[in-house]
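Scroll down for the structure; my scribbles are underneath it.
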Amino acid sequence: MPIQNAEIAGLLEEMAELLDIEGANAFRARAYRRAARTIESLPQSAANLLEAGNDLADLPGIGKDLAGKIGEIVRTGRFAALEVEKRAVPAELAALAALPGLGPKRVKLLHDELGVRGPNDLRKAVAAGRVAALRGFGRGIEDKLKAALAKPVAPTRFKLANVEAEAEALLSYLKPALAGGQAIVAGSFRRRKDTVGDLDVLATSNSAKAVGERFVAYDNVDKVLAHGETRSTVVLRSGLQIDLRVVANECFGAALLYFTGSKAHNIALRAIAVDKGLKLNEYGLFDGQKRVAGATEKDVYRALGLAYVPPELREDRGEIDLARRKALPRLVQLEDIRGDLHAHTNWSDGAAPLQAMAAAAQAKGYEYLAITDHSLRMTVAHGLDAKRLAEQIDAIDRVNGSLEGFALLKGVEVDILEDGSLDLADDILSRLDIVVASIHSHFDLPRDQQTRRLVRAVEHPLVAVIGHPTGRLIGEREPLALDFDAVLAAARKVGCALEINAAPPRLDLDDVHAYAAREAGVKLVISTDAHATVSLDWMRFGVDQARRGWIGAGDVVNTVSLADLRRRLKPSRAT
DNA sequence: GCCGTTTTCGGCCCGACTGTTTTCAGTCG
C-alpha cells in the first residue's frame, strides 16, 4: 500500500525537529517544515503524483534535494538522512521540546550537559535538582518542568463549533473594558479550521492595560500563563488557551492580519514587503518610519499589490500568487445555498416529523430539503425497509401538497454494504428524487477493499451523492483507508457528487479533500445531516470547510434552483 | 534546504513576554 501524504509529512517534520535540536542551520529545518506542510495539503497523494511522472520539485518549497528524499520515502519506505540524524540525536529528545519553556536550544543543553536522552532522564535530572543550575535555566523553569512531567501531555484541539459559545461569552465579557473599541477572535478560528488549538483574541482600545486586566480576571480563567502590557495568555477551566492582544485603532487591520495567520501566510506577506523595501508587522506596513497601511486588512493587501485574501484561504497554499494576479476564486457563501440534501426525521433516528423539518427549512429561506432517512441495515437507527420507505414517499407527497414555494425531496441515506452493494433494491431507490449512499460499518477494511467498495457505490447508477465520504469523526475516528484519487476518478466519470457533511463532529470531506474534488472536476453538495430542526443551522460549518477548500458556488450542487436540481438529479447515467 | 525582473550566493518575518540576567537569549505565536 502506497505511503500516505500525512506519513511523509510526519517524517519531514521529525527531521526538522531533530535538526533544530542538533543546532543545524535554522533555515534548513524550516525548509523541511515548509515541505511537510506542502505535502500535507496536496490535493493528490505524492505517491500518485510521482507515479504519473510529475516532478515534486515543481511544488513550492520543494527543491531538487527534498524531491529526491521524498521520492526515496515513497519508493523504499525509508528515509536514510533521518536515520543518520537519529543516530546523532536521540529521537525521544524531540518530544521534550513540546514541554513548556523548552525549545530546541534548551533541549540541546540538557542533552549536552546532563546527558538527557528523553523524558525519563529529564524526570531524574529535575528530581535531582540538576536542571536549575544550567545556564539559562533556574528554579522557575525547573518547577514548571516538574509539573509538566508529572501529568501526561494531552495536546488537545477543540472542534470549531464547540469553542464558539466560549468565544462569544468572552467577547461580551471584555466589552466594558474596550471603551468603544472592538474585539474579535482571529487565528485559526477566523480561518475556520475544523479544529482550533487555542483562541486568539484581538482587541482595540485606548487603554490596553484595562483590557488586559479585565481579561486575566475573567471568571473562567484557570491559569494566567503570561500577562504583559499589550499581550496576555490564559488557560480557561475547559482547558482552552486564549491569547489576547490589544492594539490601537490605526493598527487594527495589520494586527488582524498578523493575528489571523496562518503563520506561513504571514511569513510570505512579510517577505513580499521586504522585496518592496517595506516592513510589515502587527502595527502596520512601514516605509522606514512611515506607516503606509494598517487600519484595515484590505489596505495592507492593496499596498502589497495583492487582492484581499479571505481568511479561509490564508494557508500559503497558492493563494498569494493568485492574489498577486488578482485571480482568486470566488468562494461559495452561505447565502448561495438554496437547500439541504441530507436530513433525518423521526421515521428513522431523527427527532422531528416531516412537517417540522419542512417548516424549519422553509423558514431558513430554502427552496428544498431532501429527506434522507437511514436504510434497513441501520437497525439502531430504525432504518427503513422498502415498505416503510414507500409509505414515507406517500407521506412526503401529502406534506408537499400543503407547501408553497418549497418542496421536500424524497430521498434516503442508504447504507453501503461491505461489498459495495446497497442496502435497498433498485426498484424502490428508483422512485426517489435523491439517493445518498454512505458507509456506516466495516470502517477498518484494507485500503484496496475499502476503495473498491466505495467506487462500486459511486458507480451505482441511482446514487447521486456519497455521504460523509471518508467516515472520519474528528478526534474520535480516523478517516477510512482509501485511495481517494481512485474514488474521485470514478465520481468524475459517472457524475456522482461527494458530500461535505456539515455536522460539527464530521466536517467530511475536509478542506484538503474538498479541494482535491474540485481539482478533479467532481461536484460537491454541502449538507447538514440534521437529525433535528435546529441542526439545519450547521450548514455554515460546511460552507466554512468548502471555502477552505477553494470551493465556489458553481462547484456546489445545492446552490441551484429546485427546477435545475431536479434536472441534475434525474438518473441519466444508467449503464 | 530553497530561491531569484536587483541576486545562482547570500539572504531567509517580526515582535512580545519570561526568566534569566545586569543587557539578553530563548520561547512563543
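All chains are named by letter (A, B, ...) in the order of the sequence lines, taking the proteins before the strands, and each is independently numbered beginning at 1.
Residue A:K263 places a side-chain atom within donor-acceptor reach of the base of B:dG29, judged by atom type and a 3.5 Å distance cut-off alone. Scanning atom types as modelled, one donor and one acceptor separated by under 3.5 angstrom connect the side chain of A:Y258 and the base of B:dG29.
A 3.5 Å limit on both hydrogen-bonding distances identifies B:dT18 as the Watson-Crick or G-U partner of B:dA25.
At least one side-chain heavy atom of A:L96 sits under 4.5 Å from a side-chain heavy atom of A:P119.
Looking at A:H265 and A:E319, their side chains do bring a donor and an acceptor atom within 3.5 Å of each other. No hydrogens or angles considered: nothing links the side chains of A:N501 and A:D508 as a donor-acceptor pair under 3.5 Å.
The backbone N or O of A:P60 lies less than 3.5 Å from a partner atom in the side chain of A:T38, making a donor-acceptor pair.
Along DNA chain B, the nucleotide nearest A:L134 and the nucleotide nearest A:P60 are compared for position; the residue whose nucleotide lies closer to the 5' end is A:P60.
When the P atom is used for both B:dG15 and B:dG4, the distance is 25 Å, rounded to whole Å. Remark: the separation of the P atoms in B:dT20 and B:dC28 is 14 Å, to the nearest Å.
Not one side-chain nitrogen or oxygen of A:N266 sits closer than 4.0 Å to the OP1 or OP2 atom of B:dC13. Between A:R231 and the phosphate of B:dA16, there is no side-chain N or O to OP1/OP2 separation shorter than 4.0 Å. A sub-4.0 Å separation between OP1 or OP2 of B:dC12 and a side-chain N or O of A:R270 is absent. For A:T38, no side-chain nitrogen or oxygen approaches OP1 or OP2 of B:dC2 to under 4.0 Å.
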